[in-house]
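What follows is a set of notes on a single structure, which appears directly below.
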Amino acid sequence: MSHFIQRILKSSTASSITKSSRHGAPPSSTPSTPASTSLASSVHHLLDEIQHAKLVYFGEFHSEHRIISFQTELVKQWSKRLGSAPAVDDAPKDDVTTTDTSGRKPRLHLIMEHFSVDMQELLERYQFSHSRDAIGHDENATCFPEDDDEAFQKLLHSYKNDYGTEGHDLMSYSKLIQFCRETNRKSTGGSEINEGYCQVLIHGGFIPRNHAARLNKECPDEESKRLFFEEMSNQRGYLPRSREAMYDALFQSSYKPGNKFTLRGTQEHKLLIQSLMNGADLYSPLDHDNPVEEEAISNHEETPFDRLYQAQLLKDHAMGYRIANIMLDHQHKSPTQTDMHPSSSDRYLVIAGFGHLKHHLGVPDCVKRYLRQVAISHPDESRRAVALDLLINISHRPTSYKSRSVEGSGSALIGCQMMYEAYLEDSYPPLVEAIKKATQDDEDANIDEIKQRFLKDLYLRNPTILDEYILKSDEVSGPLLRFNRGSGGFDHPCADYLFVYDEDDDHIITDSDISQMVDSAAAKCPFHSAESTANDIAKRETVEAYEQVGHTAGIRGNAARARAIMTQLGYSDDDLAYLGDGDIYNFQGVANPHSVAKIQPGECVIDIGSGLGIDSFLATRDCGAHKADNEPHSQSFVVGVDLALSEVQHATTRAKERGYAVPERLRFLHGDVERLQEILSKHNVPSENAFDVCISNGAFCLVPDKRKAFQNVFKALRPGGRCAISTTTIVSDRLDPSFEWPVCMRMFASLETLQPMLEDIGFRNVQIIDAESPMEGMELPEDDPHECEGDKRFKIHGKYADQFAFLEKMDMDELCKVVTVYGEKL
């Protein structure tokens, strides 16, 4: 069997979700491989993240067979999960079935750009040809045979000859389309032959393409546009009819004479479409001395590009309108829909060109606009309620854990990127050197062969390094990670998950390649990966949240609020002045460990959970590491360690900008305190008996294995060293299990367990010091829009307020206490 090189990158964590093979992977995945070479395994891990989503968008490059293979596997596995009852081990005790309140199992609706809305009757005849009674039968319509291959050929013929408007290479999608037909055959045949798959229903999603060309070329004035949209809306039904609630979301609400029939769009979407045409860079940091000129884009005179943009919007609006109605119709049965079978647990997968979906603009934006308009003004109260529920539902990310509801929650966007655009030959040092040497020795050296050899080796043996270099590339890091920093100023990444694949058909991974790699790996390490635990999930959620904090740390925050918090926590005026307005707003702590640690000149300090660097900067000053090497205390140094790579990168950048000696006297490392010695050793930092002081401000709140973390701190300290760990604790011995607590609170240590734990590890003179840090009631200044851009910064607290509204009724000062844990190593 052959595999191709592929990774799935997650924007919110700036990392790959394509894990090594482990217990729980699907049977079809390759066992015991350091890299998940199996496409089925990659999809398995993706579905672990998105299987509970209500709506998933898949942005493709049309007819690319490796993308289609991925889509087909995704539909099969998702259908399998939806059609099968959850395993007893995974299901909540009161959730033992995937059926909804109507008694129906969920269905998966596949809405494809490749079919126009006009083709829906053709699709239904194809999908249900084995059961004509279910859909009715027109004597003059195309009849489909029982044989799947013959039926698909019949569909292909009708697609090309009876319609002929779309022009997609439908043959490339044959396995996907035939699988969908098969699920409907089985579901009609009854549960005995269902084999656990749910029904997958294909819907035509697009307006016939010739109409976009008509709008661009044949509608030069307001009257011609009026007639055109009258046809598209009231006659053909591709767009909202003039009396529909959704009609108010179709056109711009403000217009100049002659522009009444201007489809509603956004400035950032217009910039995106223009960049796709002219290659403009929307992601590089803005040069504030030379602001981007937007005059050409905002010009009220209609330009050729304006007409092209309106043609693009026509397709986006038509598909958004179609998706919104499909979701509404299958969630809510009106009195006139006698043939509908509404199911609140149905899920929706949209496949369209990436340009129609990128950054959650275009089609996704139109879907939300149309649902919002129905929720506001539809005459049917029940339909308004359904629209509002759907709108709220798809306006957040899907939960990765199994919820008690089976209705589906959240939306996600999957995008695609070709591997060659990472340009590893320009960035990966061993490959750069190998190419340089090869061309020096032989001008005709086969560069492609060298690149493929290195790529294959990275993929099989060091996939984490491969991910790192892909994420560093401008083509990936700009749209996926730096999406809000350039002239585009996007609110969302290009995709929530990016499928990066090697597009070269000659580059494959064979079973022999995998076998050699497994043998090599087995010789190095005889152990298999352990099964993921609840602690792993909690840690993953923590990393995901703080990676987003790091990505927006460069946006100016509320310095006045930070000063007020830090003053309340006991930081001095000198501390605040030393940090300055350029960093102080990135304070993240819960107390003031410095008041307990009392760092002295000449000491070496490690800061666990150093975040954006605030406490490390103060420690650098206090121990003298900020001074030049020829000044007193030149042997002192500070090391910060944090789980979030984006925070480590931000802290390192700011340390250099502040003039510290990086990495000689201050450095920030990406790593986990539960593997502290390994992280330090990896970066050639002494890992045991090396530090005089360990500080931490809030990070231990989120460490799952507190004992392991304190043990590692104990190892890192020199004899005579001390720790000052500020952390939030639970006053009682455990949280009430009847509530769903935030991940941070689930990780809090019980107050009464800390002192005996540290003493058992070996710490002496252990003190649990009340940090006098109130959990609530602190009066703080509001964000001043002239002083900061707080609305653009990702914030942990308050981000999921609705989910945890029950906390407002609790006295948090009775439930939790912030303390600084002090201990000495004798």
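Between D148 and K175, none of the side-chain N atoms (NZ, or NE/NH1/NH2) sits under 4.0 Å from a carboxylate O, so this pair counts as no salt bridge. The pair E231-R236 meets the salt-bridge criterion, with a side-chain N (NZ, NE, NH1 or NH2) lying under 4.0 Å from an Asp/Glu carboxylate O. Salt bridge K154/E150: absent, no basic N to carboxylate O contact under 4.0 Å. R7 and D502 are not joined by a salt bridge, as no carboxylate oxygen comes within less than 4.0 angstrom of a charged side-chain nitrogen. A salt bridge between E113 and R322 is absent, with no side-chain N of the basic residue lying under 4.0 Å from a carboxylate O of the acidic one. E547 has no carboxylate O lying under 4.0 Å from a charged side-chain N of K10, or vice versa, which leaves the two without a salt bridge.
Judged by distance alone, the side chain of K160 and the main-chain N or O of L155 form no donor-acceptor pair under 3.5 Å. Side-chain atoms of H359 come within 3.5 Å of backbone atoms of C494 as a donor-acceptor pair (strictly under, hydrogens ignored). Between the D346 side chain and the P106 main chain, no donor and acceptor come within less than 3.5 Å of each other. Judged purely by atom type and a 3.5 angstrom limit, T262 has no side-chain atom pairing as donor or acceptor with the backbone of Q252. A donor-acceptor pair under 3.5 Å is formed between the side chain of R66 and the backbone N or O of D504. Between the S79 side chain and the K76 main chain, no donor and acceptor come within less than 3.5 Å of each other. Between the side chain of R482 and the backbone N or O of Y283, at least one donor-acceptor pair lies under 3.5 Å. Listed for the N161 side chain is a donor-acceptor partner under 3.5 Å among the backbone atoms of H157. No donor-acceptor distance shorter than 3.5 angstrom exists from the side chain of S411 to the backbone of L55, with no hydrogens or angles considered. In this structure a side-chain-to-backbone donor-acceptor pair under 3.5 Å is present from D496 to L413.
Looking at residues two or more places apart in sequence or on another chain, you find a ring pair (Phe, Tyr, Trp, His ring centres under 6.0 Å) between H360 and H492. Q373 pairs by the side chain to side chain contact (heavy atoms under 4.5 Å, CB included) definition with D248, A249, S377, not counting sequence neighbours. The salt bridge (charged side-chain N to carboxylate O under 4.0 Å, His left out) test applied to D365 returns R369, not counting sequence neighbours.
Atoms NZ and NE2, from K315 and H356 in turn, are 4.5 Å apart once rounded to the nearest 0.5 Å. Atom CG of N484 is separated from atom CG of L282 by 13.0 Å, given to the nearest 0.5 angstrom. Rounded to the nearest 0.5 Å, atoms CG (L239) and NE2 (H211) are 10.0 Å apart. Note that CG of N184 and CD1 of I202 are 8.0 Å apart. Values are rounded to the nearest 0.5 Å. Taking CG of L176 as the start and CD1 of I68 as the end, the distance is 8.0 Å to the nearest 0.5 Å. Note that CG of D149 and OG of S174 are 8.5 Å apart. Values are rounded to the nearest 0.5 Å.
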Stepwise, does the side chain to side chain contact (heavy atoms under 4.5 Å, CB included) test hold for L46 with I414?
CA-CA 10 Å; L46 176 62; I414 304 166; 3.8 Å; yes
One pair to check against side chain to side chain contact (heavy atoms under 4.5 Å, CB included): F499 and Q417. What are the steps and the verdict?
CA-CA 6 Å; F499 175 58; Q417 186 87 33; over 6 Å; no
Before giving the answer on side chain to side chain contact (heavy atoms under 4.5 Å, CB included), spell out for V75 and F58 the whole-Å C-alpha distance, their side-chain angles and the decisive distance to 0.1 Å.
CA-CA 11 Å; V75 169; F58 196 121; over 6 Å; no
For side chain to side chain contact (heavy atoms under 4.5 Å, CB included), just list the numbers for S395 and K368, CA-CA rounded to whole Å, side-chain angles, deciding distance to a tenth of an Å, and then say yes or no.
CA-CA 8 Å; S395 296; K368 288 183 179 180; 4.0 Å; yes
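The ring-ring contact (aromatic ring centres under 6.0 Å, His included) test with F179 is passed by exactly one of W78, Y173, Y197: Y197.
I177 places none of its side-chain heavy atoms less than 4.5 Å from the side chain of C180. Looking at L123 and L201, their side chains never come closer than 4.5 Å, going by heavy atoms from C-beta outward. By the 4.5 Å heavy-atom criterion applied to side chains, Y348 and I323 are not counted as neighbours. Counting only heavy atoms from C-beta outward, the side chains of L498 and S11 never approach each other to under 4.5 Å. Here the side chains of L308 and Q312 are not in contact, with every heavy-atom distance at 4.5 Å or above. L361 has its side chain within reach of F490: a pair of non-hydrogen atoms, C-beta onward, lies under 4.5 Å apart. When side chains are defined from C-beta on, F4 counts as touching L39, because their heavy atoms get closer than 4.5 Å. Residues H168 and F206 form no side-chain contact, since every pair of their non-hydrogen atoms from C-beta on lies 4.5 Å or further apart.
Aromatic ring orientation, Y370 versus Y321: perpendicular (interplanar angle above 60°, classes split at 30° and 60°). Between Y420 and Y423, the ring-plane angle classifies as perpendicular under the 30° and 60° cut-offs. Ring geometry for Y247 against F251 counts as perpendicular: the plane angle is over 60°, on a 0 to 90° scale with 30° as the lower cut.
Donor-acceptor pairing under 3.5 Å is recorded for the side chains of S409 and H396. If you check the side chains of H44 and R81, you find a donor sitting under 3.5 Å from an acceptor. No side-chain donor from either of H317 and Y238 sits under 3.5 Å from a side-chain acceptor of the other.
Closest approach of Q51 and R347 over heavy atoms only: O-NH1, 3.0 Å. Of all non-hydrogen atoms in M327 and K54, the two that sit nearest each other are CE-CG, 4.2 Å. Across every non-hydrogen atom of Y159 and G167, the tightest pair is OH-N, 4.1 Å. G362 approaches D316 most closely through the heavy-atom pair CA-OD2, 3.5 Å. When all heavy atoms of L276 and K358 are compared, the closest pair comes out as CD2-NZ, 4.4 Å. For the residue pair I67 and F61, the shortest heavy atom distance occurs at CD1-N, 3.6 Å.
More than 12 heavy atoms of other shown residues, nucleotides or ligands fall within 6.0 angstrom of atom NE2 in H65.
Cation-pi geometry between R181 and Y126 is satisfied (NZ or CZ under 6.0 Å from the ring centre, within 45° of the ring normal).
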